[in-house]
Amino acid sequence: MSKKGLGFVLSAIMIAMLALTGCGGSKATGESKSVESSETSGESKSEEAKSEESKDSSKLIVVGYAQVGAESDWRTANTESFKTTFVPENGYKLIFNDAQQKQENQIKAIRDFIQQEVDYIVLAPVVETGWDTVLQEAKDAGIPVILSDRMIKTSDDSLYTALVCGNFVKEGETAGHWLEDYLKLKGRNHDESINIVTLQGTIGASAQVGRTDGFGNILSQHPNWKMLAKQTGEFTQSKGQEVMESFLKQFDNIDVVVAENDNMAFGAIDAIKAAGKTCGPNGDITVISFDAVKAAFDAMIAGDLNVSVECNPLHGPRVAEIIQKLEKGETVDKIQYVDETYFDTSMDLEKIKAERAY
Ligand code: GYE
């Protein structure tokens, strides 16, 4: 049980004792909701209400989230998912930190969380390596760490309690299989060279490593697929555009661009158009990307993007479920991959987009 969990039990016992001695404690527990609503209505509170409120906030499970940054639409949806899940009404207090894509900032945030004695630390690790020291510090402080979105490389799996993320190698393989099918459909045979460039994510991020490796697994089965160049676009639209501009200057024979997220694909599409070329199902260059955020559906509907391999950012409720189980002393699966699919222009995209949350 977490320290706050223990505090909850202790304060429950105290409330029960007050009720037995006739001090009105049991009535107060029932009033906690109205205390919250008087807070939002801005009415002045009685001393009793104020003291109930502080009891209430001491019951909240405190979660520190070391977020990567705000580099993409996916990331925005992920942040939103945490901010709407870990709210007082659900029994949580969230301490949110945006590390601006820098590992040193995430390490500092984790140390701050330890100092603040949070109940749980959630980490979306910007890169895979370099976490052992700080996670050992969290372990020594008795604070469980839940990895969300990306994985880490460590020789000591006890440094984290659970991991929930997309299966990035599988996503990369899905992209490769999609290209196999697409080329077949287009009647492009095995003798023809298929020239590919890749806009990679943040180098060393598990989302980058997995997608690059997964696509590479399929590419290695096709001697006619040529990887002309791979370079990072840092998962951002502006960097994606910049790198694609330089690829287009270096190579005049690009058939396919693999962008390791949607935002880099949007940048690549702008660069392709600025270079006087066309892309998408009816264009010169086939564009493959990952995430499948709403703007990717728009780009497919507009005929600029061919396919987006899904990566679901809504990890807030999944992490909350893990925390609830841990609070009850139940065991949780160490690694949880989210089921994912892909979307391309052969589908009814308007309909699918309307049903999606991000
Ligand atoms: O694909 C990208 C984001 O880690 C899965 O990070 C995530 C990736 C996502 O910036 O858009």
Side-chain angles (χ1 to χ4, degrees), residues 65-82 97-103 105-106 122-129 131 146-153 160 163-175 198-215 230 232-241 243-244 257-269 287-299 305 307-316 318-319 335-343 356-358:
Y65 183 24
Q67 172 64 296
V68 168
E71 72 284 3
S72 64
D73 288 18
W74 189 101
R75 189 64 54 198
T76 307
N78 178 261
T79 292
E80 188 64 14
S81 174
F82 276 83
N97 184 276
D98 173 338
Q100 300 182 332
Q101 296 233 69
K102 291 200 179 79
Q103 183 175 35
N105 291 347
Q106 289 197 303
V122 182
L123 168 64
V126 60
V127 290
E128 289 185 324
T129 55
W131 298 103
I146 298 165
L147 301 177
S148 166
D149 161 31
R150 296 179 184 171
M151 348 185 175
I152 62 167
K153 263 196 195 130
Y160 64 92
L163 158 71
V164 55
C165 67
N167 185 333
F168 301 121
V169 174
K170 197 166 159 226
E171 290 175 5
E173 289 174 347
T174 300
T198 298
L199 300 171
Q200 294 176 291
T202 306
I203 297 299
S206 66
Q208 175 274 311
V209 176
R211 288 169 185 171
T212 299
D213 289 354
F215 188 81
K230 286 190 277 206
T232 184
E234 307 286 355
F235 282 129
T236 69
Q237 180 156 344
S238 56
K239 200 83 208 285
Q241 179 169 350
V243 175
M244 190 64 198
V257 50
V258 179
E260 286 181 344
N261 81 345
D262 285 335
N263 289 79
M264 291 191 294
F266 306 150
I269 290 165
V287 186
I288 297 175
S289 80
F290 297 83
D291 287 353
V293 295
K294 284 211 177 186
F297 280 77
D298 294 336
L305 176 66
V307 60
S308 189
V309 177
E310 185 186 34
C311 182
N312 189 313
L314 307 181
H315 292 315
R318 297 183 187 111
V319 172
I335 298 180
Q336 301 177 29
Y337 290 123
V338 181
D339 270 345
E340 291 160 342
T341 178
Y342 71 87
F343 303 99
R356 289 172 72 75
Y358 57 93

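Keep in mind that the numbers below use all heavy atoms, side chains included, and drop hydrogens, waters and symmetry copies. When a ligand or atom number is given, it counts from 1 through the structure's own listing order.
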>> For the 3.5 Å polar cut-off, considering only N or O atoms, please tell me whether R75 and ligand 1 meet it.
In response: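 For ligand 1, there is an N or O atom that lies under 3.5 Å from one belonging to R75.
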>> Can you confirm if the NZ or CZ of R356 lies within 45° of the ring axis of Y358 and under 6.0 Å from the centre of its six-membered ring?
In response: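 Here R356 passes the 6.0 Å and 45° test against Y358.
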> Any luck finding a side-chain donor-acceptor pair between Q67 and N78 under 3.5 Å?
Replying inline: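 Yes, because at least one side-chain N or O of Q67 sits under 3.5 Å from a partner of the opposite role on N78.
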>> Checking E260 against T212: is there a side-chain donor and acceptor pair closer than 3.5 Å?
In response: yes
Relative to the heavy atoms of [X], which atoms of ligand 1 are at a distance of less than 4.0 Å?
X    : answer
S72  : 2 (C), 3 (C), 10 (O), 11 (O)
C311 : 5 (C)
D291 : 1 (O), 2 (C), 9 (C), 11 (O)
N261 : 1 (O), 2 (C), 11 (O)

>> Do C311 and E171 make a side-chain contact, defined as non-hydrogen atoms from C-beta onward lying under 4.5 Å apart?
In response: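 Result yes, sub-4.5 Å side-chain heavy-atom pair found.
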> If we only count heavy atoms from C-beta on, is the M264 to T236 side-chain gap below 4.5 Å?
Replying inline: no
>> Side chain, backbone, both or neither: which applies to F168 and ligand 1 if a contact is any heavy-atom pair less than 4.0 Å apart?
In response: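 The answer is the side chain of F168.
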> Given that the side chain starts at C-beta and the backbone is N, CA, C, O, which of these parts of Q101 lies under 4.0 Å from ligand 1, counting heavy atoms, or is it both or neither?
Replying inline: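 Neither part.
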> Does ligand 1 have any atom sitting under 4.0 Å from a heavy atom of R211?
Replying inline: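 True for this residue.
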> Of the non-hydrogen atoms in A299 and I269, which two are nearest, and what is the gap between them?
Replying inline: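 So the two residues come closest at CB-CD1, 4.5 Å.
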> If you look at every heavy atom in R150 and V68, which pair is closest and at what distance?
Replying inline: NH1-CG2, 4.1 Å
Students should be able to answer this: which protein heavy-atom is nearest to [atom], and at what distance?
atom                    : result
atom 10 (O) of ligand 1 : E71 OE2, 2.4 Å
atom 6 (O) of ligand 1  : R150 NH2, 2.8 Å
atom 5 (C) of ligand 1  : D149 OD1, 3.3 Å

>> Would D73 and K294 count as a salt bridge (Lys or Arg N to Asp or Glu O under 4.0 Å) here? Give the steps.
In response: CA-CA 9 Å; D73 288 18; K294 284 211 177 186; over 6 Å; no
